[in-house]
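All remarks here apply to the structure that follows.
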Amino acid sequence: MRGFHKPISSRQWGLSALLLVGAVALPFVASPFELRLAQQILLFGGLAVAWNLLGGFTTYWSFGHAAFFGLGAFAAGLLGQQLGPEVPVALRLVLGLLFAMAVTLAAAVAVALPVLRLRGIYFAIAMLAFAQILGEVSKTFDVFQGAIGFTLPILKVPGLAKVQLFYFLFLVFLMVCIGLFVVMRRSRLGVGLTCIGQDEDTAAMLGVPTERYKLTAFVISAVLTAVGGVLYSYSLGFMTADTVFRIDISLNLILYSMVGGIGTVAGPIIGAAIMILLTQVVLGDLLDLHMLVTGAVLVAMVTLAPKGLIGLVRDMRRRREETTVEEGAAS
Amino acid sequence: MTGTLFLQTLVDGLILGGIFSLSAVGFSLIFGVLGVVNLSHGIFVLLGAYLGLALKEAWGIDPLMAIPLVFGALFVLGGLVQITLVSGAVRRGSLMSSLLITFGVSLMLRDLIILVFGPDVQSLSSSWLFDTFRIGGVIVDGARASGLIASLLSLGLLSYVLYRSKVGRAMRATAQQDFAAGLCGIDVKKIYAMTFGVSAGFAGVSGIIVGLINPFTPFDDTHWTLNAFVTVVLGGVGSPVGALLGGLMLGGISTFSSQYVGSLYPNVFIFGALLLMLIVRPNGLLGNAYKGSV
């Protein structure tokens, strides 16, 4: 756990600022197809960072984050239906976001109290089951009209195309996720969570308030995921149970984190970029092979580089440093 | 009339439960012996069904006659998956990595099934399967009857192997403590591979029976993996009796909720039961705390 309290260096600030400028400039030079790819990378990269707020520090790996993604989207959709047509779209979106966050906050606390008592595989599967139940419930009860879904109004801002607008919304979403992750990692909460990840019983014995820390991380992660669900649904313009309660969303968040490096800021985003580019561009015409390649990448990463690409690079750098030190000592 | 309806629901539940038990017993075995949650279990079930389909279409072999062939093929495949991929994850001692590896395997196999057989709905049914029997007002058709008989026979056979044979004793010893089993001269690696093979074999056999009763698509594997997990959590890890008990409960919950509450509700009830059991008694009713349970 090197560098926990190391201040962010001016080089890191500079690099971040450069990346941000590049990201803001992109929509004015890229083609619509490229922008749509970038949108996906921003959104799912942000969601993967949000997943890492709990799964990155501890071994509480949620296999059902699509539950919150869908919950948020449905909360916003149902609220939108109640509002009259005179409410402008932007206000609708903001109210929908607030309502989705409130609903998810309550639901996440209610679910976390029993589920966070489970550990490891049992937690993972309980979350998977929770997501399945929510998906089924939304389709079964007519009030939620999950099978038919909702049509969402089109958000318009003068001077920006729809693709550009949602690009910026997703960019803001990603920035918020990154900001929360960085702040959390440097706070007492993040250190406590890392202790929980290493040995929960010892952490509890040493006075880390494990239950409260786990709950906090779980709820923040869930609420961010719900925000992602609302934004995603507005960018599509419609939603049904099948567009949001998708088991592949839950699993992709883990896959992206795994590819880049679990528990790092850049890892999940790099992972999302690699996997989305790989499936959408390299294999764009070979839809049949997507699952095969995704599965193969997953198996290869877990077997060969369980700490992800970032872990791989760090290991190589450390090994090189060690050899230089040895050579220096020998001469 | 309500009495007959109740009886019919009960019989349907028991038959469905028998199939759930058979489809879950391999999952339970791997969970008990290796401590691995095998997310590729559902795809092994489907592979059994698709192999049965291929044998039927290529050489006209009746699905029930194809059971030994399917068992053999999946035994080899399961063993290979364990030796090449899962063993590394188990050696590193990370249960999460085994979860991810088996999920990756299931994605690849599902894609291969789609490439070979296409994404459409398939079925294994033959005409004789639709003959119905009537026993005191309760209707049972040939497919379900043969499915139940095959399930019980297979579970009995597995129990015999586990509790009466040398290999079975070695498996149970490895499940209790692999290190001590190794000290006693058991080739633990071989037992791990055997367990995976037997598990995949039974999954394949259950796949044939599933195919006789219901149509299937390449996307059903999550359903069967989750069912197996629920069955194991309800019944208990690592024993055929636990799987039978859990499967029968699952079948009962499923048919009674769809008969008396509504045909859309079974999954809600099943997952509700799962969450309840996980919280109240995560080792299952028979409470066999092998290494799979934390």
Side-chain angles (χ1 to χ4, degrees), chain A residues 55 59-61 63-64 111 113-142 147 200 247-248 250-251 254-255 257-259 262 286-304 306-307, chain B residues 31 35-37 39-40 81 84-86 88-89 92 94-115 119 218-219 222-223 225-226 229-230 232-233 262-280 282-283 292-294:
Chain A
T59 47
Y60 286 87
W61 285 18
F63 273 57
V111 173
L113 289 178
V115 167
L116 276 176
R117 285 174 49 199
L118 306 166
R119 287 190 186 176
I121 285 175
Y122 286 98
F123 174 77
I125 303 284
M127 285 305 297
L128 188 65
F130 174 61
Q132 290 277 341
I133 295 183
L134 278 192
E136 296 271 345
V137 165
S138 76
K139 278 195 237 178
T140 308
F141 294 95
D142 291 340
E200 185 166 349
I247 195 169
D248 61 309
S250 303
L251 295 161
I254 306 172
L255 175 69
S257 310
M258 195 83 210
V259 169
I262 283 179
L286 301 165
L287 268 175
D288 291 345
L289 295 178
H290 279 190
M291 270 195 294
L292 191 68
V293 172
T294 312
V297 169
L298 185 58
V299 169
M301 286 310 293
V302 176
T303 321
L304 303 174
K307 282 187 253 163
Chain B
F31 200 8
V36 165
V37 167
L39 290 184
S40 56
V81 166
T84 52
L85 299 173
V86 180
R92 248 187 271 113
S94 157
L95 293 178
M96 279 304 173
S97 55
S98 66
L99 213 59
L100 291 169
I101 290 232
T102 52
F103 178 69
V105 170
S106 81
L107 280 182
M108 290 194 279
L109 288 177
R110 187 200 295 164
D111 208 344
L112 286 178
I113 290 182
I114 295 175
L115 286 177
F219 305 100
T222 327
H223 173 71
T225 307
L226 278 175
F229 192 85
V230 180
V232 168
V233 170
S263 61
L264 291 166
Y265 290 80
N267 283 336
V268 176
F269 276 85
I270 286 172
F271 289 123
L274 170 69
L275 282 182
L276 193 72
M277 276 305 278
L278 278 176
I279 291 154
V280 177
N283 291 333
S293 343
V294 181

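- Of the atoms belonging to A/Leu298, it is side-chain heavy atoms, and not backbone ones, that fall under 4.5 Å from chain B.
- With a threshold of 4.5 angstrom between heavy atoms, A/Ala124 approaches chain B through side-chain atoms but not through N, CA, C or O.
- If you measure heavy-atom distances from A/Leu255 to chain B, you find no contacts under 4.5 Å at all.
- Across A/Thr294, A/Ile125, A/Leu128, the residue that shares the most heavy-atom pairs under 4.5 angstrom with chain B is A/Ile125.
- Considering A/Phe123, A/Phe130, A/Tyr60 in turn, A/Phe123 is the only one that fulfils the side-chain contact (heavy atoms from CB on, under 4.5 Å) rule with A/Val115.
- Heavy atoms of A/Ile254 lying under 4.5 Å from chain B belong exclusively to its side chain.
- Within the 4.5 angstrom heavy-atom criterion, atoms from both the backbone and the side chain of B/Ile101 approach chain A.
- Taking both residues in full, the closest heavy atoms of A/Met301 and A/Val259 are given as CE-O, 3.4 Å, listed atom of the first, atom of the second, then distance.
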Output, in order, the C-alpha distance, side-chain angles, deciding distance and verdict of side chain to side chain contact (heavy atoms under 4.5 Å, CB included) for A/Trp61 and B/Leu99.
CA-CA 11 Å; A/Trp61 285 18; B/Leu99 213 59; over 6 Å; no
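- Note that CG of B/Leu100 and OG1 of B/Thr102 are 7.5 Å apart. Values are rounded to the nearest 0.5 Å.
- If you measure heavy-atom distances from A/Met258 to chain B, the contacts under 4.5 Å come from the side chain alone.
- Proximity to chain A (any heavy atom under 4.5 Å) is restricted, for B/Leu39, to the side chain, taken from C-beta onward.
- Shortest non-hydrogen contact noted between A/Met127 and A/Phe63 is CB-N, 3.9 Å.
- Options A/Val297, A/Val293, A/Ile133, A/Thr59 differ in how many heavy-atom pairs under 4.5 Å they form with chain B, and the most are formed by A/Ile133.
- Considering CZ of B/Arg110 and CG of B/Leu112, their distance stands at 12.0 Å, rounded to 0.5 Å.
- Contact detail for B/Ser106 and B/Ser40: the closest heavy-atom pair is CB-CA, 3.7 Å.
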